[in-house]
Amino acid sequence: MEQTNRFGKSLRDWRGRRGLSQLELGLRAEVSARHISFIETGRSRPSRAMVLRLAGSLDLPLREQNALLLAAGFAPHYGERPLTGAEMAAARRALRIVLDAREPYPAFALDRSWTRVGWNRPPAMLLRDAAPAGGTLSDLNALDLVFRPGPVRDRIENWPEVARAVLRRLRRQIARVGPDERLGAMLKRALATPGAAG
């Protein structure tokens with residue numbers, strides 16, 4: 001019963017974040033609002049297929065869909081592998097093709113924490129003197145590059161507009177993935193930057 005209640009609370013939280021009533025979620029998932037209510041209160045235990053249907057109807061990222069499955073007592077459905085793994089060689093090649101095709105424009109590939117996982121050649125010129133003391137360019141977080149006073153920020157002629165756009169994107173990401181300690185800390189750090197648009 002505790003597992004069902006944990007899932008019900010998670011479902012209710014996600015539904016609230018998406019601004020959906022039980023009826024609206026039910027219509028999206030093609031189930032009754034009453035069934036959604038029973039699931040949220042723990043009166044009904046969802047099947048694995050129902051968990052995935054509800055997660056899809058809430059437009060949850062795959063990682064959060066796995067978390068919902070775990071909350072309901074099921075094994076995760078989606079695998080997660082590091083990009084550096086041998087089985088990801090084809091994905092790395094595809095990423096390289098996409099990044100190189102953007103030249104002569106700079107292009108970056110970032111993970112969910114805004115850490116660089118790839119880039120093409122032009123950013124090397126833009127970031128040549130941006131590495132932290134004792135660190136490398138690989139250690140840089142893209143959000144910090146935009147907000148931290150220094151050579152990269154100084155080169156952004158329309159910095160206020162860029163800062164607002166980056167903050168909007170980060171807030172949308174947080175809304176989509178739900179509470180995330182690292183993303184929350186990044187947002188707080190960015191907003192504390194002098195001149196950052198709130």
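Source: prediction; values computed, not measured.
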Which pair of non-hydrogen atoms, one from [X] and one from [Y], has the smallest distance, and what is that distance?
| X | Y | result |
| --- | --- | --- |
| Pro46 | Val51 | CG-CG2, 3.8 Å |
| Pro122 | Pro104 | CG-O, 3.4 Å |
| Leu68 | Ala55 | CD1-CB, 4.0 Å |
| Ser113 | Asn141 | O-ND2, 2.7 Å |

What do the steps show when you test Gln65 against Leu69 for side chain to side chain contact (heavy atoms under 4.5 Å, CB included), and what is the final call?
CA-CA 6 Å; Gln65 291 191 35; Leu69 283 165; 5.5 Å; no
Just to verify, what does Arg121 make a salt bridge (charged side-chain N to carboxylate O under 4.0 Å, His left out) with, not counting sequence neighbours?
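Per chain and number, Arg121 pairs via salt bridge (charged side-chain N to carboxylate O under 4.0 Å, His left out) with Glu103.
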Linked hydrophobic residues, Leu99 as query - side chain contacts closer than 4.5 Å
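Grouped by the 4.5 Å side-chain rule, Leu83, Met88, Leu95, Val117 form the rest of the cluster around Leu99.
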If you link I, L, V, M, F, W and Y whenever their side-chain heavy atoms are under 4.5 Å apart, who else ends up in the same group as Leu23?
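Members other than Leu23 - counting any ILVMFWY side chain reachable under 4.5 Å - are Leu27.
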Assigning hydrophobic clusters by single linkage (Ile, Leu, Val, Met, Phe, Trp, Tyr; side-chain heavy-atom cutoff under 4.5 Å), is Phe74 placed with Leu62?
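Yes; Leu62 is reachable from Phe74 via cluster members.
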[atom1]/[X] to [atom2]/[Y] distance, rounded to the nearest 0.5 angstrom?
| X | Y | atom1 | atom2 | value |
| --- | --- | --- | --- | --- |
| Phe147 | Leu167 | CZ | CG | 3.5 Å |
| Leu52 | Asn66 | CG | CG | 8.5 Å |
| Thr115 | Leu143 | OG1 | CG | 10.0 Å |
| Asn158 | Ile156 | CG | CD1 | 7.5 Å |
| Leu25 | Leu58 | CG | CG | 5.0 Å |
| Gln22 | Ile39 | CD | CD1 | 10.0 Å |

Residue pairs involving residues 86-96 (criterion side-chain hydrogen bond (donor to acceptor under 3.5 Å, both in side chains); sequence neighbours excluded):
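Non-adjacent pairs meeting side-chain hydrogen bond (donor to acceptor under 3.5 Å, both in side chains): Arg96-Asp100.
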What residue pairs, at least two apart or across chains, pass side-chain hydrogen bond (donor to acceptor under 3.5 Å, both in side chains) with a residue in residues 28-38?
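Counting only pairs at least two positions apart or across chains, no side-chain hydrogen bond (donor to acceptor under 3.5 Å, both in side chains) contact touches residues 28-38.
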With sequence neighbours excluded, what pairs up with [X] under the side-chain hydrogen bond (donor to acceptor under 3.5 Å, both in side chains) test?
| X | result |
| --- | --- |
| Arg15 | Glu40 |
| Trp114 | Gln173 |
| Glu80 | Arg63 |
| Ser21 | Glu24 |

Is any side-chain heavy atom of Leu60 closer than 4.5 Å to a side-chain heavy atom of Arg18?
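Leu60 vs Arg18: side chains touch.
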Asp180 side chain near Ile174 side chain, heavy-atom distance below 4.5 Å
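Sidechains of Ile174 and Asp180: no contact.
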Which residue pairs satisfy the ring-ring contact (aromatic ring centres under 6.0 Å, His included) criterion with at least one member in residues 83-113, sequence neighbours excluded?
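Listed once each, the pairs are Phe108-Trp119.
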Pairs touching residues 49-60 that satisfy salt bridge (charged side-chain N to carboxylate O under 4.0 Å, His left out), sequence neighbours left out:
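As it turns out, the salt bridge (charged side-chain N to carboxylate O under 4.0 Å, His left out) pairs with a partner in residues 49-60, which skip direct neighbours, are Asp59-Arg176.
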Once salt bridge (charged side-chain N to carboxylate O under 4.0 Å, His left out) is applied, what residue pairs with a partner in residues 185-196 remain, sequence neighbours excluded?
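Passing the test, one end in residues 185-196: Asp144-Arg189.
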[X] side chain to [Y] main-chain N or O, any donor-acceptor pair under 3.5 Å?
| X | Y | result |
| --- | --- | --- |
| Asn120 | Ala101 | no |
| Asp111 | Arg116 | no |
| Arg45 | Ala72 | yes |

Would you please test Trp159 and Val146 for side chain to side chain contact (heavy atoms under 4.5 Å, CB included) and show each step?
CA-CA 8 Å; Trp159 185 82; Val146 171; 3.9 Å; yes
Any Lys/Arg nitrogen of Glu64 or Arg112 sitting under 4.0 Å from an Asp/Glu carboxylate oxygen of the other?
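A salt bridge links Glu64 with Arg112.
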